[in-house]
Number of protein chains: 2
Amino acid sequence: MATEPQESATRLAAETWESLFRTQVAVMRKLQTGTAFKALPVNEYDVLFNLSQCPSGWLRLNELNDHVLLSQSSLSRMVERLEKRGLVERTTAPEDGRGVLLSLTEAGKELQREVGRSHVRDIAGIVKPALTPAEQRELRRLTDKLRASLQHR
Amino acid sequence: MATEPQESATRLAAETWESLFRTQVAVMRKLQTGTAFKALPVNEYDVLFNLSQCPSGWLRLNELNDHVLLSQSSLSRMVERLEKRGLVERTTAPEDGRGVLLSLTEAGKELQREVGRSHVRDIAGIVKPALTPAEQRELRRLTDKLRASLQHR
DNA sequence: CGATACTAGATGCAAATGCATCTATCTTGG
DNA sequence: CCAAGATAGATGCATTTGCATCTAGTATCG
């Protein structure tokens with residue numbers, strides 16, 4: 001190696017993230033040309049998806065905010081819009097008068113499932129021809145590990 | 001397997017993308033709390049970075065657009081702003097009167113390098129403790145492969 | 001060559017975004 | 001128990017974004 005160990009480790013970390021990020025952008029651009037996101041902007045789908053994944057069916061606004069790339073105020077207003085469109089319900093949190101709990105309405109669940117299906121088709125069309133199943137599992141393992149490491153601190 | 005091969009392959013592809021995407025969001029959220037992106041919004045940094053990576057130093061607006069998650073009109077106006085701030089230069093493309101060529105000014109290069117350095121530090125702080133060097137190389141290989149497969153069609 | 005279709009960017013305009021700030025609720029130390 | 005500080009979310013306002021459309025330069029086909 002031409003550089004010191006510390007420096008080359010930093011460089012490797014940066015290149016790893018760089019590749020992950022560029023790939024995310026490239027796939028996202030491709031997905032945006034597909035059918036799924038004509039119906040619903042990506043950020044709105046992401047909100048519906050996160051709510052659909054929540055086991056209890058209810059999620060605090062600030063928790064949701066951790067999973068979405070939006071500022072607190074933007075998310076607050078997006079949820080307001082989604083509520084007006086009848087896709088999401090809001091309640092004051094029972095144990096904390098400041099908090100807001102969110103859940104999908106039936107219409108919201110339905111829309112999420114529908115868009116989700118076409119979304120999954122688009123993704124499969126991109127990922128399947130690119131990586132073998134074993135490679136996909138390994139990629140998933142590595143990204144899971146990286147993400148887990150962020151949550152535990 | 002409980003499901004048919006075709007279906008489970010689709011599911012695997014979707015879960016792989018899902019994990020990649022969620023990880024990108026989580027890392028991005030972490031990065032946004034760091035010092036690097038206080039100086040410059042992420043999208044603007046991404047534009048400066050892409051220009052800095054271009055070997056010839058000049059890049060067509062529409063090529064740049066392929067690498068950035070912004071609509072054509074948004075990018076057009078962002079570049080206009082960056083030019084006003086003296087970070088980017090524009091010229092009409094010599095071989096195509098419709099096209100616009102972009103490059104960084106000295107101030108733009110300087111700012112990119114400076115923000116880039118602190119950006120790299122932040123990234124290293126996230127990635128190094130999460131994955132071994134071998135895992136990082138494997139992750140980079142897989143994301144490179146996925147991205148390459150998009151470009152070749 | 002000339003008409004037609006196509007492509008690269010710019011622009012009007014409505015909607016979405018983020019920052020700073022505000023209000024209301026909760027927590028803590030005396 | 002209360003005052004000071006912290007936290008959740010909402011809101012005013014300027015900026016940014018994207019869609020649709022427009023303009024201008026280029027390619028194609030008769």
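Labels below follow one simple rule: chain letters A, B, ... track the order of the sequence lines, proteins then strands, and each chain is numbered from 1. Keep in mind it's a predicted model, so treat the numbers as computed, not measured.
Separating the CG atom of A:Leu82 from the C1' atom of C:dT17 is a distance of 15 Å, rounded to the nearest angstrom. To the nearest angstrom, C1' of C:dG18 lies 16 Å from CZ of B:Phe37. One interatomic measurement links the two molecules: CZ of B:Arg29 to C1' of C:dG18, which rounds to 12 Å at whole-angstrom precision. In this entry the distance linking CG of B:Asn62 with P of C:dT7 reads 11 Å, nearest Å. In this entry the distance linking CG of A:Asp46 with C1' of C:dA16 reads 16 Å, nearest Å. Between the CD atom of A:Glu80 and the C1' atom of C:dA15 there is a distance of 13 Å, given to the nearest Å. Atoms CD (A:Gln72) and P (C:dC22) sit 15 Å apart, rounded to a whole Å. Straight-line distance from the CG atom of B:Leu64 to the C1' atom of C:dG9: 13 Å, rounded to whole Å.
For the pair B:Arg141 and A:Glu135, the salt-bridge criterion is met [side-chain N within less than 4.0 Å of a carboxylate O].
Looking at heavy-atom distances under 4.0 Å, B:Leu75 makes no contact with the nucleic acid at all.
Note that CG of B:Asp144 and CD of A:Glu18 are 10.0 Å apart. Values are rounded to the nearest 0.5 Å. The CD atom of B:Gln112 lies 10.5 Å from the NZ atom of B:Lys109; values are rounded to the nearest 0.5 Å.
Bounding nucleotides for the chain B contact on DNA chain D, 5' to 3', at a heavy-atom distance below 4.0 Å, are D:dT16 to D:dT26.
Both A:Gly97 and A:Ser74 sit near DNA chain C, but only A:Ser74 has its closest nucleotide nearer the 5' end. Comparing B:Arg98 and A:Ala93 against DNA chain C, the residue whose closest nucleotide sits nearer the 5' end is B:Arg98.
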Please list every donor-acceptor pair under 3.5 Å in which a side-chain atom of residues 120-127 of chain A meets a protein atom from a residue at least two apart or in another chain.
none

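Partner of B:Gln24 under the side-chain contact (heavy atoms from CB on, under 4.5 Å) criterion, out of A:Val27, A:Leu69, A:Thr23: A:Leu69 alone.
Residues B:Leu101 and B:Leu64 do not share a hydrophobic cluster, clusters being chains of Ile/Leu/Val/Met/Phe/Trp/Tyr side chains in contact below 4.5 Å.
Between A:Arg77 and C:dA15, a side-chain N or O to OP1/OP2 separation shorter than 4.0 Å is absent.
For A:Asp96, the side chain to side chain donor-acceptor pair (under 3.5 Å) criterion is met by A:Arg98, not counting sequence neighbours.
For A:Ser73 against C:dG18, a side-chain N or O and a base N or O form a donor-acceptor pair under 3.5 Å.
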